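Note that the structure is a prediction, hence the values are computed from the model and not measured. Order of appearance sets the numbers: ligands from 1, and atoms from 1 within every ligand.
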Amino acid sequence: MSNKIKKILEKKNKTKIVSLTAYSKSIAKILDIYCDIILVGDSMANVLYGLKNTHSITIENIIQNTLSVKKGIKQSLLVVDMPKGSYSNLKKAENNAKLIIKKTGCDAIKLESNNKNFKIIEKLVKRKIPVMGHIGFTPQFKKNFKIEGNTKDKAEELLKEALKIEKAGAFSIVLECISPSASKLITSKLRIPTIGIGSSSYCDGQILVTDDMLGLSGFYPKFVKKYVNLNRIIEKAVKKYTRDVKNKKFPSTINFLNDRK
Ligand code: KIV
């Protein structure tokens, strides 16, 4: 196990794990100062490529954007999402996970659970590929968004799934849109850290899609806290630039000529 992953495991029950998504070097460089984990999420499908869902993002898209992110990272753990269909059987999962790691130099991969693919996690871990699991609302497998684990029985089902993922060897697990009581139960029963998104503060850490919390994506589910409205700030800057170009205030010919001397 790498030192970076050991450090993440050691945070359980001590200090909260901070995680965000990135798809480019410029954002990754800023996140790297603060984040324990940076995820190149398949959410890039919606956020970056304007697609309806995450289903058609390709390994090539994931690799390309991870190469950019990697350039901005010095200390955070870099985790990369395996796209839908890229781990549908043991052979495919192994080949594609190895390809992503070889081409990008990332630290770990994440795959969504369909409550069946535990053997795939086990095989990847046996091959020394660190795996982060993902349960609850898993957009690669579920169409309709809903908060999961609202009843005692449903919470127990989610706990069983999480325990199987832990047993298969995953080093951590994302809990997406799971009720506070179920998140609390799962987090207390697992030895590995839980990283929540829309799943209450009981989780060992939190992750958000960076573009959502920066007010860039235009997609703000209830659980997202918008820390800034970058859309408005960028629009103001572009408006000012447009005015300057039209009024011939930019560029300043004198400055430009001086720079070239
Ligand atoms: O793709 C993604 O950004 C994710 C996070 C929402 C956990 O899987």
Side-chain angles (χ1 to χ4, degrees), residues 8 16-24 27-28 31 35-59 61-66 68-69 76-87 96-97 100 104 106-114 117 121 130-143 145-148 158 161-162 165 170-178 183 186-187 192-201 203-214 216-226:
I8 299 291
K16 294 281 184 187
I17 296 165
V18 179
S19 182
L20 283 167
T21 62
Y23 320 116
S24 68
I27 294 290
L31 304 191
C35 285
D36 301 301
I37 301 173
I38 293 178
L39 171 72
V40 180
D42 64 353
S43 52
M44 74 171 66
N46 319 87
V47 178
L48 196 64
Y49 292 104
L51 301 170
K52 238 180 32 212
N53 56 44
T54 56
H55 299 185
S56 47
I57 208 72
T58 63
I59 290 251
N61 296 143
I62 290 276
I63 289 173
Q64 199 59 38
N65 288 93
T66 306
S68 173
V69 168
S76 311
L77 185 84
L78 176 57
V79 181
V80 175
D81 250 340
M82 292 194 72
K84 184 179 169 71
S86 70
Y87 53 100
N96 286 323
I100 292 172
T104 67
C106 68
D107 300 299
I109 57 94
K110 172 167 86 59
L111 54 82
E112 294 182 11
S113 170
N114 58 1
N117 49 14
I121 299 177
V131 177
M132 177 184 264
H134 184 162
I135 64 166
F137 181 61
T138 45
Q140 292 184 13
F141 297 110
K142 291 175 186 170
K143 254 193 189 159
F145 170 83
K146 68 173 172 51
I147 296 287
E148 307 220 2
L158 283 168
E161 188 178 358
I165 290 170
F171 74 90
S172 68
I173 183 165
V174 168
L175 308 188
E176 181 160 355
C177 299
I178 291 180
S183 305
I186 296 166
T187 302
I192 58 171
T194 59
I195 315 290
I197 172 159
S199 298
S200 86
S201 59
C203 299
D204 297 306
Q206 297 294 326
I207 183 162
L208 282 175
V209 171
T210 300
D211 293 55
D212 295 347
M213 59 87 84
L214 295 181
L216 260 177
S217 64
F219 177 71
Y220 312 116
K222 269 194 195 141
F223 62 78
V224 170
K225 179 170 173 183
K226 228 201 281 177

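The protein heavy-atom contact nearest to atom 4 (C) of ligand 1 is Leu39 CD2, 3.6 Å. Atom 6 (C) of ligand 1 has its closest protein heavy atom at Ile197 CD1, 3.6 Å.
Counting the atoms of ligand 1 from 1 in the order shown, those under 4.0 Å from a heavy atom of Ser43 are 1 (O), 2 (C), 3 (O). Which parts of ligand 1 touch Thr21 is read off a 4.0 Å heavy-atom cut-off, strictly below it: atoms 3 (O). Distances below 4.0 Å separate heavy atoms of Gly41 from the following atoms of ligand 1: 1 (O), 2 (C), 3 (O). Of all the atoms in ligand 1, the ones that sit under 4.0 Å from a non-hydrogen atom of Asp81 are 1 (O), 2 (C), 8 (O). Within the listing of ligand 1, atoms 8 (O) sit less than 4.0 angstrom from a heavy atom of His134.
Side chain of Ser183 to backbone of Ile178: a donor-acceptor contact under 3.5 angstrom is found. At distances below 3.5 Å, at least one donor-acceptor pair connects side-chain atoms of Thr21 with backbone N or O atoms of Thr210.
A donor-acceptor pair shorter than 3.5 Å cannot be found between the side chains of Lys84 and His55. Inspection of the Ser43 and Asn46 side chains reveals no N or O donor paired with an N or O acceptor under 3.5 Å.
Under the 4.0 angstrom criterion for non-hydrogen atoms, Lys110 is in contact with ligand 1.
Residues Tyr87 and Asn117 approach most closely at CE1-ND2, 3.7 Å, considering heavy atoms.
Atom OH of Tyr220 is surrounded by more than 12 heavy atoms from other residues, nucleotides or ligands within 6.0 Å.
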